[in-house]
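Reviewing the structure listed below.
Chain A is the first sequence line, chain B the second, and so forth, proteins listed ahead of strands; every chain is numbered from 1.
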Amino acid sequence: MKVRTIWPKSEAMRHVDEMMNQATNTQTLASLDQNSLESRYVVNASQGQTSSYAPSLTGSEAASWNMYRPDNHSVENGSFSNSAYHHVQQTEPSTRTVQDGSNAASLATSSSLGSTNAQPDYSGYNSYSNSADPYSYTSTGYQGYYNGYQQQPNPSYSQPVGAYQNTGAPYQPLSSFQNTGSYAGSASYSSTYYNPGDYQTAGGYTSSGYNHQTSTWNEGNYANYSTHQYSSYPTNTSGAYAAGNAATNSVQYQQHYKQWADYYNQTEVSCAPGTENLTVGNTSTQVSQVCQVPGVSSGYPTTNTQVSSSFTSSWRPESSSSQTPSIQPGATVTGAYDYWKHGTPSFQNQHPTPSFQNQYPTPTPQNQHPTPQNQHPTPSFQNQHPTPVQPHNQKPLESQPSYDNFQEQQKAPCPQDLNLQYPAVQQAPPSYQPPLQAVQLLDTRRVSKVQIQTNPRIASNLPLGLPKVEKDGSNISAATKPAYISVSLPKPSEKALPNDAADSALKAGMFPKSLKNYVERALIQCKDEKQMAACRAIMKEMITKATNDGTLHTRDWDAEPLFTIPNADMVDKSNLQNPTPVSSLPKYKKSPTKRSKSRWEPLPEEKSADKSGSINNYATKYSGWFHANEKDRKPAGESSEGKTDFMNNRVPLVEQKSASKAFQRPLKRQRLAEGNAADNGDVSSDSDKEQSLTAYYSGAITLANTPEERKRRENRSKRFEKGQGNRAEINHFKAKNAGTGNLYSRRASVLVLSKSFEDGGSRAVEDIDWDALTVKGTCQEIEKRYLRLTSAPDPSTVRPEEVLEKALLMVQNSQKNYLYKCDQLKSIRQDLTVQRIRNRLTVKVYETHARFALEVGDLPEYNQCASQLKILYAEGIEGCHMEFSAYNLLCVIMHSNNYRDLLSSMSRLSSEAKKDKAVQHALAVRAAVTSGNYVMFFRLYKTAPNLNTCLMDLYVEKMRFKAVNCMSRSYRPQVPVSYIAQVLGFSSSMAPKEGNDEKDSDRLEDCVDWLKAHGASLVTDSNGEMQLDAKASSSSLYMPEPEDAVAHGDASLAVNDFLTRTST
Amino acid sequence: MAYLSMGEAHRRITEYLNKFSDAVLYQDVTSLARLFSFSSNSPSLLPVADALNVFQDANRLIKQSDKFSQFGEILAQLLRSLQSYRLGNLVDSYQAFEKFANAFIQEFRNWESAWALEALYVIAYEIRVLAERADRELASNGKSPEKLKGAGSFLMKVFGVLAGKGPKRVGALYVTCQLFKIYFKLGTVHLCRSVIRSIETARIFDFEEFPRRDKVTYMYYTGRLEVFNENFPAADHKLSYAFAHCNPLREENIRMILKYLIPVKLSLGILPKAWILEKYNLLEYSNVVQALKRGDLRLLRHALQEHEHQFLRSGVYLVLEKLELQVYQRLLKKIYIIQKQKDPSKAHQLKLEVIVKALKWLEIDMDLDEVECIMTILIYKNLLKGYFAHKSKVVVLSKQDPFPKLNGKPVNS
């Protein structure tokens, strides 16, 4: 058993890949292996299950495929029970051996099983179903799906498949629950479910895997099914069952389905796929997603099976319309069809109970087999799915651990389920509340049961007597399965049970027709996806509120005024603001991860899968919603494939985001609803986090809808693999992302980014789509104060380029002082930056600012501008390049004593730059400075072009001091001050021409003052001319402390200085 | 490339692996180093590289035998690097080589004796050369060249391995020199400081104990650093050491040393013999030397302009530019001698007009103020002994040694 479990894990990895491939295949048929598979898929597509099988490419698989196919055929033919059974048995041994032998083998077998699964499943089902053919059909159908799903995950998957199968029945309830619950209310739910739909195709694959499983797992799965559904599901199952029952039992149900069906189907379908995928991929981590999906898928199958042929047909359309996400649709839909076909005939009447019975039988056989694996995946599925899925999963898990238990439980649950289902079906149409109550009752009971189950799961041993028995009974399954079960179970139980109950109540298709009409009306209002999502969110709230109030069924929905559709931004905001969803998501993920840990060794691939998986789910969800809408409009007759394609096309990131939101909400509810079960689940989940995460990841991968998406996700996941050691963190991160995913607006995404940064520090910057985040300003104000941004820029306060041009002009012509100009220019620069405008205007702004800064000697600001300009010039944007390279040179000369800097900046000058007047001047200044030629320096100072003077200003004091030092050393006996004043540029500010006595005296005074301040000794000669006593001065000169010295060493930064200088 | 059979490829690779393990076993550093020396394009390596392209699963060979598998990481990366090298994929080759080198260092650390130092030298050299070529490849692909930097940090690690009391310490200087080469190439010479400090202050190192070639290289680079710092006496000392100890047959190396030593010596007032410039093909300095001899300011300026780019790149431009003052001094001395011949009694008074006229003959147009300024600077810098009388515009020279010689002391003080 252990060996097997291990294999599944390793296989899980492969499966993940395969899943991915399969997903792609279903959609694009691109993957290599899958190509062949795809072809098979296509073929299968007709059958549904076969397509999913394609993923497993191993040779053994192929062989098995053939084998299985026959089986399937037989099943299809209607010789389900006996023949199929035999097959199953045969296949089972082979699969086991394969698993033991090697992962690859197991994979192959699983795949083969997958392909064959449908058949084996059928056979297995048949045996199960023997008691009740229709049921068996349903079960088989489910199994087929499940198998297929499992196969995708392969090792783990196969196990999950079992779970899926088990969940199959539960799933239906779940789906119904979901629909009724949050689904109706929240579009997101539906969307998520839809995603599962995509997964369902994968599920189809798993179904093939199921065959394998069926041999070993199927039974377990079945058992799980029964147990899960019954035990944990009670509430859920009630809901689910109700759904299923409704479908089969009452026309109303069908109607509900149809109406809600869109939601349900979509949701369910998507869920199912998702679950399938999840199970396939990661089982544990993905489980949460997967779980949901499986639940959904299972729900689908069950519904289908249970539902009469008519029902199935309706479902099909729905599912197709729901698009069960492209991937799932292909396989799943077809699979569903097949199932339906098979199931429908027999099912129609018997559906609810018979199916259960059938399922039960099947579970027992499965129990003997390594059902635990199946269960494991399912748990993860549960986690992923909001409440409904989880319950399902839990059930499957429990059931898996011990078939006997399952059976027993099933027995117990069966009644409940049946009751529930029936009631749900019956009650649901009339009023929500009744179903809810029933559900609650069921829940409570089930909860207790569930708790037990969960506990066992947590404990790894099945706490429940039954589970234990089961384990004991099936050594194989027990050994491997227990751990799995424990892991998976806790999660589902925690979240799933309560939520499921609520969801089931809500979803159960119990909404009054009037409400459905209302919803339809509201949705028709919507013009685009955003509105749709917003609309759904609102309706969801309304409905939940009404449900809570108890007014759901009493209110006159037909008279209810339509709410105004909020704009997408609003929705986004609300989503953003909604902390709970986010938090709930993280929890979700956490729990799955915990589970996975215990059972599964952490697999890097799985991580990636998880990520992708979540995304996929979202996408699927979204698509699901759309489909739902479309469904209403479209006839059910549409081909599933077409729908799937549709889904694929449609599932954009945004949709995914919305889906994530939806996810979050359900989670919340689940939390609230969760009582004991939740606690139990938490315990178990903690231990298993890591493994579940990995599983989750792998599942996610499988979920990937489109090749591009996959690529993206893979990249992302790789990054994560690298950077993150802590899986839990990863989960959080993902969860948060998912939560934020809904946001449509850039700001939202920015927020998301920031969040993600906080949480998943490893997120790479290059991953950010800056283009998408770039703000387009709308502000028309020309004047704007500079404020350092502390948050994402608000477009309403950012000026567009035209306005910025005007603003620049305004600043250039402004008579106000530098402080004002600096402030204005900084705000212009900021606006340019946030809008990522880099053109001539940008250069102009920086040049202008640099010049202003130079004029007042604001070197820090100048340096900022200069470094930006350097980059801008390097990008080839035109400007006054020469002028500024001259400034640069001067800066180096004046302020750097570093020879190398000077050399390098000199050697970098191009020959044409050396011809530029300003650059030549700067070079001459350099020569004067290095040689100490003060005469030359001050001549250059007077003739400086542009603002070179301003930079030279900064060196004047030093140069003068050096010069006087030199003079006092060299001249004897005296030097006339007038000469000094002339040579050292004291006349520069005044009229430089000689002969003007007044000005001469002025500059003389300046010079005398300066000399005195520097300790020179002055004498007056016989002519009354002021002379510098060189000898005396040579020892007395000193550099005075600058009067305007400031603490930070830059007087130009002193505000008072600014004010005085700029105002004069 | 001629067809290479699988068996032949297998044989070659196995032979290569055997050479490695034998070299390690017998501590035969010469043949060990030969296995790493990619850039030698040695005829013993190329066939192996070709074989690697044919026989892709060399790792299996390594794993098959205990003899090889104990050096699994070393050999696997080495082979990968060799293969990429042969294919011209230098970035991949570098990456694999760095991994190989890291693995080798781990192994090297465990060897008590320093027998493998030569092999380590080869690795240090190869990784630098490979990084430079990989960077060129990266740059031509528009990517940021960063491999040389990576090689630098790897060599720092190697330095840490060698800098100890053991017999391996004599290898530290070689690695230091490779680091210098990297830092100078990258323009991050400030990073040299820490290595220099540990070489010059750590007691474990006795400079004379290092191999001569390393000492010469080390002195050359530290001398260049002193040139950057304008510490000419120290630069003179280091470069002279390098010049004196350099293998006289390595003319290219001597030329590199002289490229810096000559400007340094010039700035200290010591002129080289013409034959040195000719022998080592340093004719760009010949006009500078001529100008100094003749006091021909124009010639100096022309020489500087002519070779401006070259001087800027090698970093001696500013050093040479400062020779102007010495040229002025020479010019004044010539005027002084002429005056002395005419009228010894007034020879010590140099009229500013005369100087300006002399400069005019040299086609250098300077007015009185400017020349006066130059005179004050010359006096200030102690290139002239005397004073300047502003009133009469005359440079009054000391009667004793009016033109002091630098004699190995730098200008300025």
Side-chain angles (χ1 to χ4, degrees), chain A residues 892-893 897-911 914 923-924 926-940 959 962-980 982-985 1021-1023 1025 1027-1031 1034 1037, chain B residues 184 187-190 224-231 301 304-305 308-325 328 366-396 398 411-413:
Chain A
V892 176
I893 297 159
N897 289 323
N898 195 326
Y899 255 49
R900 271 179 294 112
D901 286 353
L902 185 50
L903 281 169
S904 66
S905 53
M906 278 176 72
S907 60
R908 254 186 270 122
L909 287 174
S910 65
S911 55
K914 282 175 188 163
L923 286 171
R926 180 210 58 82
V929 168
T930 47
S931 65
N933 191 333
Y934 49 87
V935 171
M936 179 67 78
F937 180 87
F938 284 103
R939 278 188 188 161
L940 291 167
M959 201 68 197
K962 272 191 191 171
V964 174
N965 231 334
C966 175
M967 285 173 171
S968 62
R969 260 299 226 8
S970 311
Y971 285 105
R972 291 294 182 275
Q974 293 159 340
V975 195
V977 173
S978 61
Y979 173 77
I980 297 174
Q982 179 219 323
V983 170
L984 296 189
D1021 72 354
S1022 52
N1023 295 337
E1025 207 179 338
Q1027 303 275 348
L1028 172 74
D1029 185 342
K1031 195 168 188 180
S1034 64
L1037 285 176
Chain B
F184 272 81
T188 55
V189 293
H190 57 277
R224 280 185 63 180
L225 285 175
E226 295 299 351
V227 173
F228 280 138
N229 297 333
E230 290 193 284
N231 187 353
R301 291 191 173 175
L304 277 178
Q305 208 176 348
E308 181 182 332
H309 188 63
Q310 195 180 342
F311 291 152
L312 278 174
R313 280 196 50 184
S314 61
V316 296
Y317 183 88
L318 298 179
V319 179
L320 295 176
E321 200 187 45
K322 289 206 165 175
L323 297 176
E324 240 183 42
L325 290 180
Y328 280 121
M366 289 169 94
D367 65 14
L368 285 176
D369 280 352
E370 233 177 308
V371 178
E372 189 177 329
C373 174
I374 301 290
M375 293 308 117
T376 61
I377 292 170
L378 286 173
I379 297 168
Y380 178 71
K381 302 245 180 193
N382 211 24
L383 287 167
L384 291 182
K385 262 187 161 180
Y387 64 89
F388 191 87
H390 178 74
K391 219 173 183 178
S392 48
K393 302 278 181 193
V394 170
V395 181
V396 179
S398 157
V411 177
N412 204 6
S413 65

Check your understanding: Which bit of A:Lys914 comes within less than 4.5 Å of chain B, counting heavy atoms only: side chain, backbone, both or neither?
Key -> side chain

Point to revise | For B:Asp369, side chain to side chain donor-acceptor pair (under 3.5 Å) partners two or more places apart | key: A:Gln982

**Study point:** Side chains of B:Glu372 and A:Tyr971 in contact at under 4.5 Å (non-hydrogen atoms)
**Key:** yes

Revision key, fill the gap. When rounded to the nearest 0.5 Å, the distance separating CD of B:Gln310 from OG of A:Ser907 is 13.0 Å

Review point. What residues form a side chain to side chain donor-acceptor pair (under 3.5 Å) with B:Arg301, not counting sequence neighbours?
Key: B:Glu324

Exercise for review: Give the minimum heavy-atom separation between B:Cys373 and A:Gly932, together with the two atoms involved.
Suggested key: SG-O, 4.5 Å

Check your understanding: Counting heavy-atom pairs under 4.5 Å to chain A, which of B:Tyr387, B:Tyr317, B:Phe311 comes out on top?
Key -> B:Tyr387

Check your understanding: How many angstroms lie between atom CE of A:Met936 and atom CD of B:Glu370, to the nearest 0.5 angstrom?
Key -> 3.5 Å

Exercise for review: Can you measure from CG (B:Asp367) to CZ (A:Arg939) and round to the nearest 0.5 angstrom?
Suggested key: 3.5 Å

Practice item. Classify the ring geometry between A:Tyr979 and B:His390 as parallel (under 30°), tilted (30 to 60°) or perpendicular (over 60°). Key: tilted

**Study point:** Atom group of A:Met906 that falls short of 4.5 Å from chain B, counting heavy atoms
**Key:** both

Practice item. Assess the side chains of B:Thr376 and A:Tyr934: does a donor N or O sit below 3.5 Å from an acceptor N or O? Key: yes

Review point. Hey, is NZ on B:Lys393 packed in by over 12 heavy atoms from elsewhere, all under 6.0 Å?
Key: yes

Check your understanding: Do B:Phe388 and A:Val975 come within less than 4.5 Å of each other through their side chains, counting heavy atoms only?
Key -> no

Review point. For the candidates B:Glu321, B:Met375, B:Arg313, which exhibits the highest count of non-hydrogen atom pairs separated by less than 4.5 Å from chain A?
Key: B:Glu321

Review point. Between atom CZ of B:Phe228 and atom CG of A:Leu903, what is the distance when rounded to the nearest 0.5 Å?
Key: 6.5 Å

Point to revise | Heavy-atom check, side chain of B:Ile377 versus side chain of A:Cys966, under 4.5 Å | key: yes

**Study point:** Ionic contact status for B:Lys391 with A:Asp1021, cut-off 4.0 Å
**Key:** no

**Study point:** Per-residue contact mode, A:Thr930 against chain B (heavy atom under 4.5 angstrom)
**Key:** both

